[in-house]
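I have placed the structure first, in the form of structure tokens, so that the comments after it can refer back to it.
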Amino acid sequence: MAMWRAADIPDLSGKVAVVTGTSSGLGAVIAGELARHGAHVIHGVRDPAVVPGVDARRLDLADLDVVAGFAASVDGFDVLVNNAGVMWPPLRRTRQGFEWQFGVNHLGHFALTALLWPRRRAGARVVTMSSILHRTGRLDLDDPNYVRRRYSPEGAYAQSKYANVVFGLELHRRGGTSLLAHPGYARSRLQTSGPSGVRAAVGRVMNPVFGQPAAVGALPALFAATSADAVSGAFVGPSFLQLWGGPVVVAPVVGSADPGLGERLWAVSEELTGVPFAV
Ligand SMILES: NC(=O)c1ccc[n+]([C@@H]2O[C@H](COP(=O)([O-])OP(=O)(O)OC[C@H]3O[C@@H](n4cnc5c(N)ncnc54)[C@H](OP(=O)(O)O)[C@@H]3O)[C@@H](O)[C@H]2O)c1
């Protein structure tokens with residue numbers, strides 16, 4: 001079968017898409033393609049000045065007050081792409097005291113989705129961006145914010161991306177139209193802007209060699225967000241070794257689809273964010 005491409009995105013005229021993290025990398029491609037196919041795109045970015053000429057609004061996922069303000073500014077949406085993310089920073093804490101990666105990658109998007117939920121239009125889809133590294137993750141719901149555990153940048157990233165999967169599948173089980181995507185290995189700022197020292201240096205060397213263009217890495221999320229063939233509960237990733245290539249349906253790691261785990265993550269996320277999420 002021919003590879004699904006951005007040219008296969010259907011006409012999105014009249015649709016409103018909210019995309020987080022559009023200042024660079026995959027988010028910039030996702031927002032650009034959705035707009036090119038007719039959608040009105042609301043860009044959720046930390047600094048709206050860096051994406052001039054579009055409907056950009058301030059969204060800092062590391063501060064739940066800012067998340068609430070952003071959500072209140074959105075009247076309705078057909079597509080929400082929870083794309084923004086950070087990888088492997090040294091230990092730091094969000095405004096509300098969460099470990100940065102769990103706070104930004106998962107809790108910020110959980111709160112955003114919950115607050116936007118009453119504003120969804122009929123048939124609205126939520127696409128949450130995970131990573132192949134979710135496969136190495138473990139969700140420690142007794143200490144998700146590394147208060148008692150020794151901090152590991154890699155462990156915390158994998159945990160946050162595992163949480164993205166557990167959240168996306170639980171939203172689907174609760175009746176939402178919820179899909180997951182991951183880009184494989186794509187060239188972006190991700191591997192160099194979050195980590196420090198040796199980790200960033202490795203990213204600078206590896207990216208040009210092993211990363212696929214962001215335009216290709218964005219295809220799983222674009223397929224999940226727009227294709228009539230993408231169904232709720234699906235996880236979409238690249239075709240070749242889940243690292244490179246066009247979008248295909250892939251399997252989440254064993255255990256992430258456990259309904260008990262989904263329920264626990266949901267309850268912990270509601271408690272930590274203080275945002276109830278009734279689907
Ligand atoms: N590239 C890959 O190979 C790869 C692999 C697996 C998964 N992913 C996932 O793909 C997604 C996009 O990453 P990317 O590769 O495109 O990286 P990127 O170029 O670094 O883009 C990340 C985006 O997230 C935004 N962001 C970071 N912290 C934020 C915060 N606190 N609040 C709001 N926005 C924030 C950044 O905005 P600023 O400009 O404000 O920093 C930027 O727009 C992430 O979820 C990442 O985990 C990427």
Side-chain angles (χ1 to χ4, degrees), residues 18-32 43-51 54 56-67 69-71 81-89 92-96 98-109 111-112 127-137 153-154 156-165 167-168 180-195 200 202-203 206-222 224 235-238 241-245 250:
V18 176
V19 186
T20 69
T22 62
S23 64
S24 71
L26 305 169
V29 175
I30 293 165
H43 296 239
V45 282
R46 282 196 284 196
D47 181 2
V50 302
V51 281
V54 297
R57 307 181 192 179
R58 182 163 179 256
L59 173 65
D60 186 348
L61 292 156
D63 185 342
L64 294 180
D65 294 335
V66 181
V67 173
F70 174 86
V81 185
N82 289 325
N83 163 76
V86 60
M87 184 170 94
W88 298 354
R92 55 191 294 216
R93 301 211 171 268
T94 67
R95 179 95 195 283
Q96 282 74 27
F98 310 135
E99 182 281 319
W100 198 265
Q101 298 179 87
F102 190 64
V104 169
N105 299 353
H106 169 62
L107 289 174
H109 281 126
L112 176 66
V127 177
T128 302
M129 190 73 102
S130 181
S131 164
I132 193 169
L133 290 177
H134 86 279
R135 306 192 75 84
T136 64
E154 289 84 1
Y157 180 73
Q159 171 178 261
S160 73
K161 291 287 137 183
Y162 189 88
N164 287 150
V165 173
F167 164 67
L180 292 151
H182 84 80
Y185 189 172
R187 287 197 290 276
S188 74
R189 284 188 342 207
L190 188 75
Q191 300 86 353
T192 50
S193 64
V202 170
M206 300 264 290
N207 278 7
V209 183
F210 295 109
Q212 61 179 346
V216 183
L219 291 176
L222 284 166
F235 191 3
V236 186
L241 300 175
Q242 288 198 46
L243 288 173
W244 306 286
V250 298

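We count ligands from 1, going down the list as the structure has it; atoms in each ligand are counted the same way. Sequence positions, counted from 1, serve as the residue numbers for this chain.
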Does [X] have a non-hydrogen atom less than 4.0 Å from ligand 1?
| X | answer |
| --- | --- |
| Val45 | no |
| Gly184 | yes |
| Gln191 | yes |
| Val104 | yes |
| Ser130 | yes |
| Met129 | yes |
| Gly217 | no |
| Asp47 | no |

(Q) Looking only at side-chain N and O atoms, does His109 offer a donor or acceptor that is under 3.5 Å from a partner on Thr20? (A)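 A pair is found: one side chain offers a donor N or O, the other an acceptor, under 3.5 Å apart.
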Inset, instruction - Step by step, work out the ring pair (Phe, Tyr, Trp, His ring centres under 6.0 Å) result for His106 and Tyr162. - result: CA-CA 9 Å; His106 169 62; Tyr162 189 88; over 10 Å; no
query = When only distance counts, is Gly85 in polar contact with ligand 1, meaning an N/O pair under 3.5 Å?
reply =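 For ligand 1, there is an N or O atom that lies under 3.5 Å from one belonging to Gly85.
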- Item | Polar contact flag for Gly27 and ligand 1 (N/O pairs, less than 3.5 Å) |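 No.
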#### Entry: Selected option - heavy-atom contact closest to atom 35 (C) of ligand 1, from Ala84, Ser23, Ser131
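Selected option, by shortest heavy-atom distance: Ala84.
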- Query: Does the pair Gln96 and Asp63 meet the rule for a side-chain contact (heavy atoms from CB on, under 4.5 Å), with working shown?
  - Reply: CA-CA 7 Å; Gln96 282 74 27; Asp63 185 342; 3.4 Å; yes
Within 6.0 angstrom of Arg95 CZ, more than 12 heavy atoms from elsewhere: no
Over 60° means perpendicular and under 30° means parallel, so classify the ring planes of His182 and Phe235, tilted if in between.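 It falls in the perpendicular class, over 60°.
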